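Below: one structure, written as structure tokens.
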2 protein chains.
Amino acid sequence: MATIYDVARHAGVSAATVSRVLNGHVKVDPALAERVTAAVAQLGYRRNAVARNLRTSQTSLWAVIVSDIENPFFTSMVRGIEDVASSAGFSVVLCNSDENPEKESNYIAAALTEQMAGVVISPSSNHVDDVNLLLESECPVVVIDRELQGVDADTVLVDNAHGADLATTHLIEQGNTRIACIAGPRWLSTATQRLDGYAHALTQAGLAVDDDLIRYADFRERGGYDAMSSLLDEGAAPQAVFAANNLMTIGAMECLVQRGLAVPSDVAIVGFDSIPWADLIRPTLTTVAQPTYEVGRRAAQLLARRSSTPDGPAERVVLPTSLQVRGSSTR
Amino acid sequence: MATIYDVARHAGVSAATVSRVLNGHVKVDPALAERVTAAVAQLGYRRNAVARNLRTSQTSLWAVIVSDIENPFFTSMVRGIEDVASSAGFSVVLCNSDENPEKESNYIAAALTEQMAGVVISPSSNHVDDVNLLLESECPVVVIDRELQGVDADTVLVDNAHGADLATTHLIEQGNTRIACIAGPRWLSTATQRLDGYAHALTQAGLAVDDDLIRYADFRERGGYDAMSSLLDEGAAPQAVFAANNLMTIGAMECLVQRGLAVPSDVAIVGFDSIPWADLIRPTLTTVAQPTYEVGRRAAQLLARRSSTPDGPAERVVLPTSLQVRGSSTR
DNA sequence: AGCGTGTGTGCAATCGATTTCTCATCAGGA
DNA sequence: TCCTGATGAGAAATCGATTGCACACACGCT
């Protein structure tokens, strides 16, 4: 592998000049520049980013740490980040923490030791120490999707409570009174906010919030399935279910299908997050849609701004959610 | 940010000793080691990976360059890679080339300049120059899912031709004679192999391979939709369709649904690749299943081996596919 | 006592780029 | 002709870690 010195020798100039030509910040005699670019082409030289990063103490990589790579919510969001990143001159690398705090911790450590230029993270726990580590080391950070108590970082969220309220109110308007909720992990802000929205809608309609109709699961398909089973087996069966994320909605549906219960006539269902190919699922699914791509885009914009102006107050962006009524909730 | 020299001063030893304690390759007086670890803890020191990478000229990052992050096939594969990577002491970063050769080229360049310890790539074109660039620079590479002509690299594939043959034969056995194929891009080995399997099955059964029944699309949902439209509008409508990947299968289904055609009674359909939540789609989809997780796992194993023993002949692993018969193909 | 051996530490070179500082060169004005 | 200022190129320091080499010290043997 050729180094900058090889190029310099080949072009009959100093390494400093090669560097200047490559970076283009300073003026160089066109004749020399020409010789340098020729030498670069001839030797197939590509600059060693590691050495450059060491000297300039910065990289052009953004790390995006997501909690579940298999959840379409995140993949769509990543597209939003990528589009902004590439136009800002950054490359995006994705890390999958798999809802596992230990893996998350490792990836944060890696982002720090690898001197990443920025980090977008959807925390898989409310364990704030790791994220604060990033903040302390002046690494630009944007927290996404999930709110962290006690962390003063730029954040992009969606209006979870409102979305859940819309979903629940819709189910009430359809004439349901026994409405269950399959909630997410208690320690995730998205989960608690959605649960709050559900409870708020019930209260608003003069209905009681019944703990027997609430199940806490893990935002995974399996968890949704088990929660639905539990709802059907224990206590009076609900007329309708609000599931607090996409994968759990799928799990709940699978449970209902497997038991031969008809949706929505036996049990109506509304999910949170959109689901790819929702049109092909029968019945089609009523869901609370989030602007996932936009979430990513805004997060990336915040990160880019934070990179150029590290100081300044943390911003908190909340994007709207909306109810997409389809077949699974209308009788 | 504390450096190794800060730690050394704090512990009253030389930087060399700190390094030796941190890496643990060489023996150090336990008393000194104790002082060093104490100093590390006290200063919150974390070693600068960039400097280390420069000196040792290697990193502990594997880049996985996939052609479509939104395709569940790849996300499942990534899990397989991650599991092996973490037990081999590597971290995985994901790059999304988005079926775009230019982006792919950029990510390969980034992998090279960032001195990645290894690369797993599912090429989005048959433009072999970039991949050869990796090989020449002795960066361990494993090509995955798609075969590249003229590239002598470790490769993990599935038996595409056999899978397509199974799918098509199954449709023939169900009594269909006019069987269409929605094929992928001509330049991708997966696409051509699947088309070959389709043609082979037809020939074997004494049926003609009719170009009017073949459409080339782009492995995307939209492409599948358009191809299906074209098949229905031009020429005699097919009795059955074999779609060469998961997203195009979805697109084709959506087209059929939208036109009010019943599956499988009007048109039977078999897809390639599994589809998440296939159980919830009505009718349930017959597909050719691939061992996606295993593909990732094997690729990662090859990469790990190549890292430790750079020389040696390139290996080519072909994993089996199998037909999962469900509702969309059986009358 | 003297020498050889082994153990462990520190010094300093090194990885490959960037960047400050210094200096040579040249143009233009007095 | 000489001086000044501008311009641009090269020499060398630097980023932070690793590691070959030399050396100091302790110990054991003759």
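Fair warning: this is a prediction, and the values are worked out from it, not measured in the lab. A note on names: the letters A, B, ... follow the listed sequences, proteins ahead of strands, and every chain is numbered from 1. Below, each value reflects all heavy atoms present in this structure, side chains not excepted, and no hydrogens, waters or symmetry copies.
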Listed nucleotide nearest any side-chain atom of A/I4, set C/dA17, D/dA12, D/dG16:
C/dA17
Counting neighbours of CZ on A/R146 that are heavy atoms of other residues, nucleotides or ligands and sit closer than 6.0 Å, is the number greater than 12?
yes
A quick test of your reading: do over 12 heavy atoms of other residues, nucleotides or ligands sit less than 6.0 Å from CZ of B/R79?
yes
salt_bridge(A/R316, A/E147) N-O dist < 4.0 Å
yes
Using five base pairs at each end, measure the axis-to-axis angle across the helix from C/dA1-D/dT30 to C/dA30-D/dT1 and round it to 10 degrees.
60°
Taking every non-hydrogen atom, the tightest pair across B/I69 and A/I69
CD1-CD1, 4.0 Å
Is the phosphate of D/dG10 approached by A/T17 (side-chain N or O, under 4.0 Å from OP1 or OP2)?
yes
Check this for me, if you would: do B/R47 and A/E114 make a salt bridge, where the nitrogen-to-carboxylate-oxygen distance has to be below 4.0 angstrom?
no
Check the phosphate of C/dT9 against B/S14, side-chain N and O only, distance under 4.0 Å to OP1 or OP2. Yes or no?
no
Starting at CE of B/M1 and ending at P of D/dA17, how long is that distance when rounded to a whole Å?
9 Å
Which residues in residues 19-30 of chain A have at least one heavy atom lying under 4.0 Å from any atom of DNA chain C?
A/S19, A/R20, A/N23
How far apart are the closest heavy atoms of A/T3 and A/Y45, and which atoms are they?
C-CE1, 3.5 Å
Given 3.5 Å as the limit, does a donor-acceptor pair link the side chain of B/T75 with the main chain of B/P72, or not?
yes
Go through the steps to decide whether B/Q115 and B/N53 satisfy the test side-chain contact (heavy atoms from CB on, under 4.5 Å), and finish with yes or no.
CA-CA 8 Å; B/Q115 312 255 97; B/N53 297 343; 5.9 Å; no
Using 0.5 Å steps for rounding, measure from the CZ atom of A/F73 to the OH atom of A/Y293.
14.5 Å
Within residues 32-58 of chain B, the residues having a heavy atom closer than 4.0 Å to DNA chain C are B/L32, B/L54, B/R55
Rounded to the Å, how far apart are B/E114 CD and C/dG16 P?
16 Å
Can a donor-acceptor pair be found between the side chains of B/N23 and B/S19 at a distance below 3.5 Å?
yes
Verify whether one side chain among B/S76 and B/T292 offers a donor that lies under 3.5 Å from an acceptor in the other.
yes
